Structures are given as C-alpha cells and as structure tokens.
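A short worksheet on the structure shown next.
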Amino acid sequence: MPTHGSAQHPTTELDARYSSALNPGPGAARADATEWAEAQRELARAEIFWVSTVRPDGRLHVTPVIAAWHDGVLYFSTGPDEQKAKNLAHDDHCALTTGTNALTEGLDLIVEGRARAVTDPALLEQVIDAYETKYGAHITAPEGTFHGIGDAFRKGDVRLFAVASDTAYGFGRDGGAFTHTRWSF
C-alpha cells in the first residue's frame, strides 16, 4: 500500500485498471502516471472549475466557480447565502474539478479535500493577488466580470475558501493513450 506524501510531493500512482497500460492498442507504451508538477501547472492555468458539495439532505450540488492555485492550495469563493456556502457550513468536504471536453486530448483533474474559510488578512491578500494575476482584467478592470471581488473578500461579503488536497486524480488523454493517476497527500 502506498504511503502518503506531503503537499509538495504526494505519492503518485498510475491506476492501470483505468489506463492504457493494460491495453495493447496504440499509445499503451505512453501510459504513465502524470507528474504532480504537470497537474499543478494545469490547476494554475485552468480558468473554470466545478465545485461539488453535499446538501444537508445528502443530495449533491455542483456549480462552476473561478479558482486560484496558490502555494499548493486551491482557493474559490461564494456568497454567504449561496447553496454551496450553506452546504459547506454543514459538511466541509468538497471536490473541485477542471479539464477539457475532448475525448482524445487533455488532462482532467479532481481535487478532493475540506473547504476551510480564509480569515488570515496576510493570506487573504496573497490570494487576492493570485486571483488578480490569473484573471487580470476580469477582476481588475471596472468593466470586468468579477471586478471588486478583492474588496468583497476583504469585507467578508464573499467568503473565500481554501481546499488543501487530501486526494487528487488526473485523467489524461494523449492521442489514444489514457491514464488515471492518483495523488495521495
């Protein structure tokens, strides 16, 4: 059984059952676990994520969000009266998913963990900077879709959550080679 790694160096496993490694077809020789560094680059680059939370009655709730990857942690936000905020108040477990819709190219990623409210002012400023750097004019320009989100974070009008990975998964597709990687932290 693999041992757990640190947030910077998780244990990485290729699950051959769901990868081309067991398939003698084209691309099978390229079926290898995705390196965590590659997954982190994709998490930093991805613009849209889907956050999955659980309602108090057990039903799932899934919704798109913007998110920033900063120092090995994924950050997203929600209004205090939104369904995901209510769900997280009841059960802080969640998953954030991003990727592509292509069948033969790309890397889909899932980060599972617990959403913790960010309250430290210094960290809050670092994450605001990460959002502004990533999303640029969408946040910094007066006509931007999310203009003012930094001030909303500071005032507490919008809640900012940090999700440090417990487990993450990568589903890679490279010209017919399929991989399923699990990272344990």
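Keep in mind that the numbers below use all heavy atoms, side chains included, and drop hydrogens, waters and symmetry copies. None of these values were measured; they are calculated from a predicted model.
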By the salt bridge (Lys or Arg N to Asp or Glu O under 4.0 Å) test, which pairs, at least two apart or in different chains, include something from [range]?
range	result
residues 58-67	D57-R59
residues 127-136	none
residues 67-83	E82-K84

Establish whether [X] and [Y] are linked, either directly or via other cluster members, by ILVMFWY side-chain heavy-atom contacts under 4.5 Å.
X	Y	answer
W36	Y169	no
L74	I139	yes
V118	V73	yes

Are any side-chain N or O atoms of Y135 and backbone N or O atoms of A67, one a donor and one an acceptor, separated by less than 3.5 Å?
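Between the backbone of A67 and the side chain of Y135 there is a qualifying donor-acceptor contact (under 3.5 Å).
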Looking at T34, is its backbone amide N or carbonyl O close enough to the side chain of W183 to form a donor-acceptor pair, meaning the two atoms are under 3.5 Å apart?
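Looks like yes, one N/O pair under 3.5 Å.
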Nearest atoms (heavy-atom pairs only) where [X] meets [Y]:
X	Y	value
P56	N87	CD-OD1, 3.8 Å
E13	A33	C-CB, 4.3 Å
V111	S165	CG1-OG, 3.1 Å
A115	C94	CB-SG, 4.0 Å
A95	E112	CB-CG, 4.2 Å
D166	G113	OD2-CA, 3.5 Å

Could you state the interatomic distance from CG (L14) to NE2 (H180), rounded to the nearest 0.5 Å?
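Result: 9.0 Å between the selected atoms.
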Starting at CG of L88, measure out to OG1 of T78 and round the result to the nearest 0.5 Å.
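If we round to the nearest 0.5 Å, L88:CG and T78:OG1 are 8.0 Å apart.
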D32 vs T179, side chain to side chain contact (heavy atoms under 4.5 Å, CB included): CA-CA, chis, key distance, verdict:
CA-CA 7 Å; D32 199 7; T179 60; 5.7 Å; no
Are the side chains of T53 and D91 in touch, meaning some heavy atoms are under 4.5 Å apart?
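Not in contact.
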Are side-chain heavy atoms of F171 and I110 found at a separation under 4.5 Å?
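Of all side-chain heavy-atom pairs linking I110 with F171, at least one is under 4.5 Å.
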Listed once per pair and sorted, the ring pair (Phe, Tyr, Trp, His ring centres under 6.0 Å) pairs that draw on residues 46-68, sequence neighbours left out
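For residues 46-68, and leaving out neighbouring residues, there are no ring pair (Phe, Tyr, Trp, His ring centres under 6.0 Å) pairs at all.
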Identify each donor-acceptor pair in which a side-chain atom of residues 96-104 lies under 3.5 Å from a protein atom, sequence neighbours left out, and give them as a table.
| residue | atom | partner | partner atom | Å |
| --- | --- | --- | --- | --- |
| T98 | OG1 | I48 | O | 2.8 |
| T100 | OG1 | E105 | O | 3.4 |
| T100 | OG1 | R173 | NH2 | 2.7 |

Please determine whether salt bridge (Lys or Arg N to Asp or Glu O under 4.0 Å) holds for the pair D92 and R116, giving the CA-CA distance in whole Å, both sets of side-chain angles, and the decisive distance to 0.1 Å.
CA-CA 7 Å; D92 61 0; R116 306 289 190 201; 2.5 Å; yes
So, are E42 and R45 salt-bridged, with charged N and O less than 4.0 Å apart?
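Answer for the salt bridge query: yes.
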Using residues 154-163 as the side-chain source, report each donor-acceptor pair under 3.5 Å to any protein atom, sequence neighbours left out, with the distance given to one decimal.
| residue | atom | partner | partner atom | Å |
| --- | --- | --- | --- | --- |
| R154 | NE | E125 | OE2 | 2.7 |
| R154 | NH1 | D151 | OD1 | 2.8 |
| R154 | NH2 | E125 | OE1 | 3.0 |

Check the pair Y131, F146 against ring pair (Phe, Tyr, Trp, His ring centres under 6.0 Å), reporting the backbone distance first and the verdict last.
CA-CA 10 Å; Y131 266 86; F146 300 101; 8.7 Å; no
Candidate pair T63 and Q83, rule side chain to side chain contact (heavy atoms under 4.5 Å, CB included), full reasoning
CA-CA 10 Å; T63 188; Q83 187 64 51; over 6 Å; no
L109 vs L43, test: side chain to side chain contact (heavy atoms under 4.5 Å, CB included). Steps then yes/no.
CA-CA 8 Å; L109 296 165; L43 290 168; 3.9 Å; yes
